[in-house]
There are 2 protein chains.
Amino acid sequence: MILQTMPIKDEFVSAKIKLMEERCRKNGLSLTIQRRAILENLSSRKDHPTADQIYAAIQDRVAGVSRTTVYRVLETFVQLGLAQKISNPEAKARFDADTTRHHHAACVSCEKVLDIDPSILPDIDLSKADLKGFQVFDCSVVAIGLCSDCSANGVSRSYQIN
Amino acid sequence: MILQTMPIKDEFVSAKIKLMEERCRKNGLSLTIQRRAILENLSSRKDHPTADQIYAAIQDRVAGVSRTTVYRVLETFVQLGLAQKISNPEAKARFDADTTRHHHAACVSCEKVLDIDPSILPDIDLSKADLKGFQVFDCSVVAIGLCSDCSANGVSRSYQIN
DNA sequence: GTTAATGCAAAGCATTTGCACACGT
DNA sequence: ACGTGTGCAAATGCTTTGCATTAAC
């Protein structure tokens, strides 16, 4: 008999799953194994994956899962406030289970998206700002540049400085 | 004989065109009517258009222009520092002829992208920030929310607050 | 049992690429 | 003339949709 090692889920992941259960019940949505697997994967990683990266990661856990389901489930999570779509310069949606206000740095070379420690940035308070009627739900800083790995590999900026 | 009204180009547009001429010459690139028309269109509008919106707008001026050319020319402009690709939550590239550091507000309903007056936000100084070797070329604030038009039309937030 | 979710296949957009022809210098 | 740029058509990549089947409550 094969005994599989069960990875110890960290606090964040299990709290997230609980929150999902709560919000699904409240909204009459089913608790499917796909939703569990997708949220568990998303919330345990810090690389702001694309839908496709999550799809690749859960294949072995949920046999026969489809890409379509991953897209649909992620969209549901955004609606339920369990995840956010993050703004980035690529033409690909990236997701983050951390829905608190924080910031991202996107590498123009390898397209990695990293978190920026919020403490190094000033608080952005848009509450007093005159945005001509624009209602802000959320806001974040997106930094564009080169990550340390790419700089180390000799990649340098390919476009003109203004 | 029909006399067409020639719109008076504003300062910004003509300066931009001059800069393009300069940078194209410096880099051995040709000054084509397509490049002129695309930059003239992009720099005269404030709505951060997609490649396709520019394509639609220049059709009557440059008969037979292709979508492919618009994509290629915009990419060239980014390389030359004449335009920037802006980060937004859609899976579509949007362009801005204003390459100075400024900020954007994206409407989740109509997908309009508006400029935020830079004076209402604190200066974001990443120079002292410990970004673990990440070299920042540029950074901007992206606010996500509802524009005044959509709020007025009764659209309200469709997703959960965290 | 009912309603909602999934999987599949196909369609839909945005964007890119290869190649022959046309244009700018 | 030469090299670069353009247009076309096809390909690619990400995402969405319609519909029949399956699973959750």
Side-chain angles (χ1 to χ4, degrees), chain A residues 17 20-39 48-59 61-80 82-83 85-95 108 111 113 158, chain B residues 17 20-39 48-59 61-80 82-83 85-95 108 111 113 158:
Chain A
I17 299 283
M20 178 193 71
E21 292 172 355
E22 203 178 278
R23 295 198 175 165
C24 280
R25 283 199 196 93
K26 203 192 317 190
N27 294 80
L29 304 178
S30 311
L31 291 164
T32 63
I33 48 165
Q34 289 86 346
R35 285 191 178 143
R36 276 179 213 282
I38 292 167
L39 188 58
H48 313 91
T50 62
D52 214 64
Q53 289 173 324
I54 296 173
Y55 170 68
I58 64 166
Q59 299 243 58
R61 289 222 248 178
V62 187
V65 69
S66 86
R67 204 176 247 105
T68 311
T69 298
V70 177
Y71 278 98
R72 274 189 290 224
V73 166
L74 288 168
E75 199 50 52
T76 305
F77 289 166
V78 173
Q79 304 281 319
L80 293 174
L82 295 166
K85 250 182 190 163
I86 66 176
S87 293
N88 67 278
E90 289 175 275
K92 245 183 282 191
R94 287 184 172 267
F95 296 87
V108 294
E111 303 198 326
V113 176
S158 66
Chain B
I17 299 283
M20 179 194 72
E21 292 172 354
E22 203 177 279
R23 294 197 175 165
C24 280
R25 283 200 196 94
K26 203 193 316 191
N27 293 79
L29 305 177
S30 311
L31 292 165
T32 64
I33 48 166
Q34 290 86 345
R35 286 191 178 142
R36 277 179 211 281
I38 292 167
L39 187 58
H48 313 91
T50 62
D52 213 64
Q53 290 173 323
I54 295 173
Y55 170 67
I58 63 167
Q59 299 243 58
R61 288 224 247 177
V62 187
V65 69
S66 86
R67 204 175 248 105
T68 311
T69 298
V70 176
Y71 279 97
R72 273 190 290 224
V73 166
L74 287 169
E75 199 50 51
T76 305
F77 288 166
V78 172
Q79 303 281 320
L80 293 174
L82 296 166
K85 249 183 190 161
I86 65 176
S87 293
N88 67 278
E90 288 175 276
K92 245 183 282 191
R94 287 183 173 268
F95 296 86
V108 295
E111 303 197 326
V113 176
S158 65

To the nearest Å, how far apart are B:Arg94 CZ and C:dC13 C1'?
14 Å
Salt bridge (charged side-chain N to carboxylate O under 4.0 Å, His left out) test vs A:Asp52 passes for just one of A:Arg67, A:Arg94, A:Lys92, namely A:Arg67
Atom-to-atom span, OH of A:Tyr55 to C1' of C:dG7 - whole angstrom:
10 Å
Which part of the nucleic acid, if any, lies within reach of B:Thr68 when heavy atoms closer than 4.0 Å are counted: base, sugar-phosphate only, or nothing?
base
Where each residue is assigned the nucleotide of DNA chain C containing its nearest heavy atom, which of B:Ser30 and B:Ala51 is assigned the position nearer the 5′ end?
B:Ala51
Has B:Gln53 got a side-chain atom pairing as donor or acceptor with B:Thr50's backbone, closer than 3.5 angstrom?
yes
Heavy-atom nearest nucleotide on DNA chain C for B:Thr50 versus A:Ala63: which residue maps closer to 5'?
A:Ala63
Extract, from 5' to 3' on DNA chain D, the first and final nucleotides lying under 4.0 angstrom from some heavy atom of chain A.
D:dC14 to D:dC25
Taking atom P of C:dA14 as reference, at what distance in whole Å does atom CD of B:Glu90 sit?
9 Å
What's the CD1-P distance between B:Ile54 and C:dT15, to the nearest Å?
11 Å
Rounded at 0.5 Å granularity, tell me how far CG in B:Leu39 sits from CD in B:Gln34.
13.5 Å
Distance check: side-chain N/O of B:Thr32 vs OP1/OP2 of C:dC23, anything under 4.0 Å?
no
Mind calculating the distance between CZ (A:Arg25) and P (C:dA4) to the nearest angstrom?
17 Å
Need one value for A:Leu31: base, sugar-phosphate or nothing, where a base atom within 4.0 Å counts as base even if backbone is also close, heavy atoms only.
sugar-phosphate
Should B:Phe95 and B:His48 count as side-chain neighbours, where that means a heavy-atom distance under 4.5 Å?
no
Euclidean distance, atom CD1 of residue B:Ile33 to atom C1' of C:dC23 [Å, nearest integer]
9 Å
Have a look at A:Leu29 and say if it touches a base, only the backbone sugar-phosphate, or nothing, with a 4.0 Å heavy-atom cut-off.
sugar-phosphate
Could you state the atom-to-atom distance from CD of A:Glu111 to C1' of C:dT15 in whole Å?
13 Å
Using a 4.0 Å heavy-atom cut-off across all strands, classify B:Ser66 as base, sugar-phosphate, or nothing.
base
Within-4.5 Å side-chain heavy-atom neighbours: A:Leu29 and A:Leu80:
yes
Would you check if B:Val62 and B:Thr69 make a side-chain contact, meaning some heavy-atom pair closer than 4.5 Å?
no
So what does B:Arg35 hit on the nucleic acid, given a heavy-atom distance under 4.0 Å: a base, only sugar-phosphate, or nothing?
sugar-phosphate
State, to 0.1 Å, how close A:Ser87 and B:Asn88 come at their nearest heavy-atom pair, and which atoms those are.
OG-C, 3.8 Å
5'-most contact on DNA chain D: A:Arg72 or A:Asp52, nearest heavy atom basis?
A:Asp52
Candidates C:dG7, C:dA4, C:dT16 - which lies nearest the side chain of B:Tyr71:
C:dT16
Please give me the minimum heavy-atom distance between B:Ser30 and B:Cys24, naming the atom from each residue.
O-SG, 4.3 Å
A:Glu75 atom CD is separated from C:dA5 atom C1', nearest whole Å, by 15 Å
